[in-house]
Amino acid sequence: MSAGLPRRVLLGVCGGIAAYKACELVRRLRERDIEVRVVMTADAGHFVGAATFQALSGQPVRASLWDAAAEAAMGHIELARWAEAIVIAPATAHLLARLAHGLADDLLTTLCLASDRPLWLAPAMNHLMWAHPATQANLATLRARGARVLGPASGAQACGETGEGRMLEPHEILEALAPPPAAVAMRGLRVLVSAGPTFEDLDPVRFLGNRSSGRMGFALAAAAAESGAAVTLVAGPVALPTPAAVARRIDVRSTPQMHAVMLEQARAADLVIAAAAVADYRPAQTSARKIKKQGGALRLELVENPDILRDLAALRPRPFLVGFAAETDALEANARAKLAAKGADMIAANTVGEGLGIETSDNALHVFWHGGEHVLARADKALLARRLLALIVERHAAREARPA
Ligand code: CTP
């Protein structure tokens, strides 16, 4: 996908009650001048008729690989090539399982296999089906292959139960897919993002680290790059693929390494987002040999690491600086203290624990800057990254507009 909006979307619709919301999604996509072609699974027709999608999209709707007339006009490979993005909404548990296993037993799954374009999935299912380890394993596989998962949301379900599994609303899906106009302001900006944990080695087999997955930083790097920014991503030890649009990735391990790379790269950056969960301390000594058990207690001496964000704030000219703060308590007081102490322009704070923050696929943020604040509600990290980025762009533009 080129920077910004996909112009041609292939919308896959599966057999779930949320299929009715897909009608609204087609309408909203068309309002943004995005061409839509709908492909239904066999079961989708139990919920919404093809004529509805045909009328809303203004295009023929396809449901079968074995439609001779359609194959003669726009064959399935042509259709896969035509799409700049594939969106499946609703995506049922069964569809996720078929995609995860690379099945191609109907038109929609065949198209997904025959395409290398961005794949967006908006799951919708009963909360127990969503929570089932099989579904979660399939999602992990699909995410690892680069699929973007939107939602699901929590709330009352069509089956009468309550829980996680409701499909996101069409406007939320659209917002994820087609970023708000604020993001257009990123075109040409040079953005430096740090992500993931840092590891401090004790000996050749052991290290001190933390549980950061790097997902938030990677989602921010992806969102900035898709909005047209030239992004350099500095990653600690993480198991994540480089987002497609990111121009450059530099892998580091320890805080001193991340410090050196960030300070050097920041000289050519307009905006720095420090999303890494940096180790504040490292062992005073790293043993070249494995430390052997000696019986009794083992004392480790730690020395303080440099503070990357604080040192970035001392650069002249100084890029626009966004830091993060993960807190277990006193969120606002700690975040405001960090904003001042580190000389940052913005701090995006989140509460860790209670199933939020580190190691999770979604998050919520409370963002502070000098003279303002904004709460970003709990959402998938990809969606949250877009929202945070829109806020960063707004604040960055406000700083640029201010007389020096
Ligand atoms: N940070 C940094 N260098 C460090 C430690 C943190 O650049 N040595 C950055 C992080 O990338 C993040 C912000 O500072 O953007 C806040 O990180 P956090 O760990 O919450 O803050 P600390 O200053 O380490 O404070 P504490 O751990 O005492 O809460």
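Both ligands and their constituent atoms are indexed starting at 1 by order of listing. Residue numbers count from 1 along this sequence.
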> Under the side chain to side chain donor-acceptor pair (under 3.5 Å) criterion, do H366 and E332 qualify, and how do the steps go?
Replying inline: CA-CA 8 Å; H366 195 152; E332 171 154 10; 5.1 Å; no
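- Contact check on R190 versus D270 returns a salt bridge, with a Lys/Arg side-chain nitrogen under 4.0 Å from an Asp/Glu carboxylate oxygen.
- Ionic pairing of E35 and R30 is not present here: no N-O contact between side-chain nitrogen and carboxylate oxygen is shorter than 4.0 angstrom.
- With respect to D201 and R253, a salt bridge is recorded, a charged nitrogen being found less than 4.0 Å from a carboxylate O.
- Listed as neighbours of ligand 1 are A274, A276, V278, D280, P306, D307, I308, L309, G323, F324, A325, A326, K338, K342, each bearing a heavy atom under 4.0 Å from the ligand.
- Once rounded to the nearest 0.5 Å, the distance linking SG of C14 with CE of M40 reads 10.5 Å.
- Look at E394 and R399 and you find no salt bridge, because none of the NZ, NE, NH1 or NH2 atoms lies under 4.0 Å from a carboxylate O.
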